[in-house]
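Below: the structure, in structure tokens.
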Amino acid sequence: MTAPRTPRKAFGRLSLPERTYLADALRTETVGGVLLLVAAIAALVWANIPALHDSYESVSHFHFGPAALGLNLSVAHWAADGLLAVFFFVAGIELKRELVAGDLKDPRAAALPVVAALCGMVVPAVVYTVTNTAGGGSLSGWAVPTATDIAFALAVLAVIGTSLPSALRAFLLTLAVVDDLFAILIIAVFFTDSLNFAALGGAVVGLVVFWLLLRKGVRGWYVYVPLGLVIWALMYNSGVHATIAGVAMGLMLRCHRREGEDHSPGERIEHLVRPLSAGLAVPLFALFSAGVAISGGALADVFTKPETLGVVLGLVVGKTLGIFGGTWLTSRFTRASLSDDLQWADVFAVATLAGIGFTVSLLIGELAFEGDAAMTDQVKASVLTGSLVAAALATVLLKIRNAKYRGMVAEEERDDDLSGVPDIYEEDDPAYHLRVAAVYERKAAEHRRIAEEMESARLAEVAGGAGDEDDRPA
């Protein structure tokens, strides 16, 4: 007879290495997300103050770069195609790590975030398509509301001060990684109009050389950075979006640890490049992409034009229903029960938070309506509006359960034996209980000492008081 299978817990406890990695990654993303918010606000202020608007346009459209190499691009273009390649390089490393060492390594564990991410992209696209079919709008922007911006979402969490349990944060991060993968595929497949096969062949050769150097163990940034720039330039001139080069190079890095290694090469490079991506590349992209004219009329148009309304509804309604529905269906048909400390309302709140689509949504908006500047700006305004509405709804939903989250996080981080490792990971270790016993013995000894001192002081006071009373005259 075979033993009955233990039901798997959805959003269960992470392993200690995964929890440590998650904490480091989210810390950087949170800081980057705050910078992203600042950059977006700065862009809106810069573009909407009449005295500064012309300077914003001048800087955004200022061209520089070697024209002979086909790289005489505007500042905004460099930010979208150049700096975002760094962002997608990090996304490629994250995806590779998830596939070989993270949640996506185990097919059973991977099913939940993969199905949730897929549903979280399909449903917003359907919502957009239905809205524009009914309203007679353009279907070109169907992919705009399909992306989740993890940095923006974490920045919202940082601003509102909500403590999410590590399992929900891991789900959000893994969801965003899978989301990025499908967004990359959408960009590569649907937004490549024509191909320069010579340049594409050169980029492929460059990627092969990049892979061979990695396999041979060649080290040194002075080798890989120039090679990466050549690959990026060839990819850009091939007609395929240049950010694909960043993803491809990220996926080639080894992300599993060998014997004697504390960190894999992919983890080391990600640790070095992630601050550059989160702290510089993405905020600068936001600075030159989020600067759209905002007025009462423009905001009203967001809710009246089918293209912009489709984006808002896709982000707010489509993302929430898609991710929540995909999660519920996966749990239902894989018989994975929800963790005892969580409720489906928590999953719904995180799904709402995932409706914040910013960086990749803005990029896809530019690609979808290329050549139509007015519609591009309106779609950008709808991305900002939808993201803000999703952020507001998520804030309300998460605040309702914030006290519960704080208790869960405190329990996750409790370290009574002062070992530097949370107690929940040591409860089956006899040495842990010995250390806790020693800690309590020291505390008990300290309390006994304090009690004895207080008792001695009280007796001394009583004795002194009695003597004074006897010396008083009758």
Side-chain angles (χ1 to χ4, degrees), residues 25 29 32 77-102 104 110 113-114 117-118 121 143 146-151 173-192 195 199-214 224-225 227-256 264-274 276-278 280-282 285 357-364 366-367:
E29 290 287 358
H77 208 159
W78 276 111
D81 281 24
L83 291 177
L84 276 196
V86 179
F87 166 79
F88 279 107
F89 174 70
V90 174
I93 299 175
E94 287 180 336
L95 178 61
K96 179 68 172 290
R97 187 196 167 279
E98 288 291 333
L99 289 170
V100 302
L104 302 183
V114 169
L118 273 173
M121 299 187 81
T146 60
T148 293
D149 195 308
I150 183 65
L173 179 61
T174 307
L175 187 79
V177 170
V178 179
D179 192 293
D180 286 341
L181 168 65
F182 289 113
I184 291 159
L185 293 175
I186 288 172
I187 291 170
V189 173
F190 294 98
F191 297 103
T192 299
L195 289 175
L200 182 60
V204 171
V205 170
L207 288 171
V208 171
V209 172
F210 188 88
W211 180 76
L212 288 173
L213 291 174
L214 290 173
Y224 292 102
V225 171
L227 178 59
L229 291 173
V230 170
I231 294 170
W232 174 86
L234 288 169
M235 190 69 75
Y236 174 82
N237 282 285
S238 74
V240 178
H241 199 270
T243 53
I244 304 300
V247 178
M249 287 185 281
L251 287 171
M252 289 182 180
L253 292 173
R254 177 170 63 82
C255 292
H256 63 274
S264 67
E267 289 173 325
R268 287 198 301 270
I269 293 173
E270 181 188 8
H271 181 73
L272 292 172
V273 179
R274 186 188 287 275
L276 175 64
S277 169
L280 181 66
V282 175
F285 167 74
F358 189 76
T359 306
V360 180
S361 290
L362 290 176
L363 175 62
I364 293 177
E366 291 180 355
L367 297 173

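Values below: all heavy atoms of this structure, side chains included; hydrogens, waters and symmetry mates excluded.
Taking all atoms of both residues into account, the shortest heavy-atom contact from A117 to L175 is N-CD1, 3.4 Å. Nearest heavy atom pair, residue A85 against residue A242, reads CB-O, 4.4 Å. Contact detail for A245 and I231: the closest heavy-atom pair is CB-CG2, 4.0 Å. Among all heavy-atom pairs drawn from C255 and G266, the shortest one is SG-CA, 4.0 Å. Heavy-atom minimum distance, L234 versus A203: CD1-N, 3.7 Å. Of all heavy-atom pairs between F210 and M252, the closest is CD2-SD, 3.8 Å.
Within the model, atoms CG of L253 and CD1 of I93 stand 5.0 Å from one another, a figure rounded to the nearest 0.5 Å. One finds the CG atom of D179 at 11.5 Å from the CG atom of L95 (value rounded to the nearest 0.5 Å). Interatomic distance, F182 CZ to L185 CG, rounded to the nearest 0.5 Å: 7.0 Å. Expressed to the nearest 0.5 Å, how far OG1 of T243 lies from CG of L83 amounts to 12.0 Å. The line from CG of L195 to CG of L200 is 6.0 Å long, rounded to the nearest 0.5 Å. Rounded to the nearest 0.5 Å, atoms CG (L181) and CG (L99) are 8.0 Å apart.
More than 12 heavy atoms of other residues, nucleotides or ligands shown are found within 6.0 angstrom of NE2 on H256.
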Checklist entry - Under the side chain to side chain contact (heavy atoms under 4.5 Å, CB included) criterion, do I269 and F89 qualify, and how do the steps go? => result CA-CA 10 Å; I269 293 173; F89 174 70; 3.9 Å; yes
Next on the checklist: Before you tell me yes or no, could you show the steps for T174 and E98 under side chain to side chain contact (heavy atoms under 4.5 Å, CB included), namely the whole-Å CA-CA distance, both residues' side-chain angles and the distance that decides it to 0.1 Å?
Outcome noted: CA-CA 8 Å; T174 307; E98 288 291 333; 3.9 Å; yes
Checklist entry - So I364 and I187, side chain to side chain contact (heavy atoms under 4.5 Å, CB included) or not? Walk me through it. => result CA-CA 7 Å; I364 293 177; I187 291 170; 4.2 Å; yes
Next on the checklist: If you apply the rule side chain to side chain contact (heavy atoms under 4.5 Å, CB included), what do you find for V360 with F88, and how did you get there?
Outcome noted: CA-CA 10 Å; V360 180; F88 279 107; 4.1 Å; yes
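Each of F191, F285, F87 was evaluated against L363; a single residue qualifies, F285, per the side chain to side chain contact (heavy atoms under 4.5 Å, CB included) test.
Counting only distance, with no hydrogens or angles, the side chain of E267 and the backbone of S264 share a donor-acceptor pair below 3.5 Å. With hydrogens and angles ignored, the 3.5 Å screen pairs a side-chain donor or acceptor of Y224 with a backbone N or O of L213. Of the possible polar contacts, none joining the T148 side chain to the I150 backbone as a donor-acceptor pair under 3.5 Å is found. Although no hydrogens or angles enter the test, the distance criterion places no donor-acceptor pair under 3.5 Å between the side chain of K96 and the main chain of G250. Remark: the backbone N or O of A233 is paired with a side-chain donor or acceptor of N237 at under 3.5 angstrom.
A salt bridge does not link R97 to E270: none of the charged side-chain nitrogens sits closer than 4.0 Å to a carboxylate oxygen.
In this structure, the side-chain hydrogen bond (donor to acceptor under 3.5 Å, both in side chains) partners of D81, at least two apart in sequence or on a different chain, are H77, H241.
The closest side-chain heavy-atom distance from D149 to S361 is not below 4.5 Å.
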